[in-house]
K.L.:
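Here it is: the structure, laid out below.
Note that these values count all heavy atoms, side chains included, but never hydrogens, waters or copies made by symmetry. Since this is a predicted model, take the numbers as computed values, not measurements.
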Amino acid sequence: MNWKKKKKIPKNYNVLKSIYKNVDKALDILHSSKSIDNLGKLMHENWLEKVKLSNGVSNQIIDDTYNKALSAGALGGKILGAGGGGFFCFYVPLEKQNGVKEALKHLI
């Protein structure tokens, strides 16, 4: 972890704690009979927390892509990769997948 991130830990403590608690929530969803759609919703909650950490977490292109996916039926998503490039992983119920694919067809 770089020193800029370490320096922000006290300021971001509550957000980091919320993200940390989502691990237990995800495990509960995966190990229970709860709808797996709850995992997608949790991914969305986690995304909303993560973007609070820093202006560098997202940008207009990422925000637009994420919002297009949600509008088309995704329940949540996560960006994968290390700064400057990567991919999104979206949770999309089966019946909404074609719509999300269509909405994001301009992407790789």
K.L.:
Any non-hydrogen side-chain atom of L53 less than 4.5 Å from a side-chain atom of I19?
P.N.:
yes

K.L.:
Given the rule that I, L, V, M, F, W and Y join up when any side-chain heavy atoms are under 4.5 Å apart, are L107 and V100 in one cluster?
P.N.:
yes

K.L.:
Do I36 and W47 belong to the same hydrophobic cluster, where Ile, Leu, Val, Met, Phe, Trp and Tyr are linked whenever their side-chain heavy atoms lie under 4.5 Å apart, directly or via other members?
P.N.:
no

K.L.:
Working to the nearest 0.5 angstrom, can you tell me the gap between I79 CD1 and F88 CZ?
P.N.:
4.5 Å

K.L.:
Taking only residues at least two apart or on different chains, which pairs with a member in residues 52-77 satisfy salt bridge (charged side-chain N to carboxylate O under 4.0 Å, His left out)?
P.N.:
E49-K52

K.L.:
If you look at every heavy atom in A74 and L70, which pair is closest and at what distance?
P.N.:
O-CD2, 3.2 Å

K.L.:
Just verifying a value: how many Å separate D24 CG and H31 NE2, rounded to the nearest 0.5 Å?
P.N.:
11.0 Å

K.L.:
For the NZ atom of K50 and the OG atom of S58, what is their distance to the nearest 0.5 Å?
P.N.:
10.0 Å

K.L.:
Between the main-chain N or O of I62 and the side-chain N or O of N59, is there a donor-acceptor pair closer than 3.5 Å?
P.N.:
yes

K.L.:
Using 30° and 60° as the class boundaries, would you call the ring planes of Y66 and F90 parallel, tilted or perpendicular?
P.N.:
tilted

K.L.:
Which pair of heavy atoms, one from A72 and one from G99, lies closest together, and at what distance?
P.N.:
CB-O, 3.7 Å

K.L.:
Kindly compute the distance separating CG (L39) from CG (L27), expressed to the nearest 0.5 Å.
P.N.:
10.0 Å

K.L.:
Within the side chain of T65, is there an N or O that forms a donor-acceptor pair under 3.5 Å with the backbone of I61?
P.N.:
yes

K.L.:
Give the cluster check for L48 versus L42: same hydrophobic cluster or not, with ILVMFWY residues linked at side-chain heavy-atom distances below 4.5 Å.
P.N.:
no

K.L.:
Nearest 0.5 Å please: distance from the OH atom of Y91 over to the NZ atom of K96.
P.N.:
12.5 Å

K.L.:
To the nearest 0.5 Å, tell me how far I29 CD1 sits from M43 CE.
P.N.:
11.0 Å

